[in-house]
Amino acid sequence: MRLDKFLAHHLGVSRSLINKELKAGLITVDDVVIKLGAHQLTLNEVVTYQGNVIEPIIEKRYFMLHKPAGYVCSTDDPDHATILYLIDEPMSEKLHAAGRLDLDTTGLVLLTDDGQWSHRITSPKHQCEKEYHVTVSAPLTIDLIEQFARGIALKNEPELTKPAKLVIVDDYHAHLTINEGRYHQVKRMFAAVGNHVESLHRQRIGSVELDIPEGEYRVLTESEVKAIH
Ligand code: URA
């Protein structure tokens, strides 16, 4: 992360004020005076202002990301860029996705360092809704609404899926709301009824609705964070 952004965030003042302090030589990074706001900080570097160490903020953090296709949600994939490449925050490696999306799936990913909060999204016990926009390769039929509401037998799984709400938009497009998160669940639900998911996008988790362009992220509002309970 840029030094001026780190300082503005941790000292709670504007970047222009930070730049004056930088020019005045009041900031050090690992004991070296740094005057350039664009200086990239690395983890474990010690930043001081007027001789006082700036302790990293330890409050819990909550973000929404509009994930593009081609990024993985796990943090240690040797072959693909991870979603953390899109997050310019200090210690972003401490964040995790509250419910992953496949490499080719786009849409809403919630990121946090609060394990209890993300558990409320991912644990089946809490029944947190996830809404997906789905494009399929074969025409959708009305009877699927009933089948998905009753539960679907997924390949190699003894338990039916929990009741899911399917809204058919047109022959090849639907919105599917589920409140569990089994492995590749949406793709496997459509495969189980003889169809195939061409593209998949997550639009909503609980009451948190995706509202930013692809590739961008933002901090969740307090009410969005509290709405996940
Ligand atoms: N279901 C899937 O099949 N893939 C996703 O990425 C999310 C839900």
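Atoms within each ligand, like the ligands themselves, are counted from 1 in listed order. Since the model is a prediction, treat every value here as computed from it, not as a measurement.
With a 4.0 Å cut-off on non-hydrogen atoms, Val197 does not touch ligand 1 at all. At a heavy-atom cutoff of 4.0 Å, ligand 1 is contacted by the side chain of Thr105 but not by its backbone.
Using a 4.5 Å heavy-atom threshold, the side chains of Met64 and Leu220 count as touching. Here the side chains of Ile178 and Met189 are in contact, with some heavy-atom distance below 4.5 Å. Side-chain contact between Tyr62 and Leu110 is absent, with no heavy-atom pair separated by less than 4.5 Å.
Protein heavy atom at the shortest distance from atom 1 (N) of ligand 1 is Val186 N, 3.1 Å. The single protein non-hydrogen atom nearest to atom 4 (N) of ligand 1 is Asp102 OD2, 2.7 Å, given as residue, atom name and distance.
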- side-chain contact (heavy atoms from CB on, under 4.5 Å) between Lys5 and Glu89, worked out: CA-CA 9 Å; Lys5 192 170 175 189; Glu89 296 292 328; 4.2 Å; yes

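Taking the six-membered ring where tryptophan is involved, the planes of His133 and His201 are tilted, since the angle between them lies from 30° to 60°.
Interface of Gln185 with ligand 1, defined as ligand atoms under 4.0 Å from a residue heavy atom, comprises 1 (N), 2 (C), 3 (O).
Just one of Leu86, Thr105, Thr82 meets the side-chain contact (heavy atoms from CB on, under 4.5 Å) condition when paired with Tyr71; it is Leu86.
By the 3.5 Å distance cut-off applied to N or O atoms, Tyr132 is not counted among the residues near ligand 1. Between Arg188 and ligand 1, not a single N/O pair is under 3.5 Å apart.
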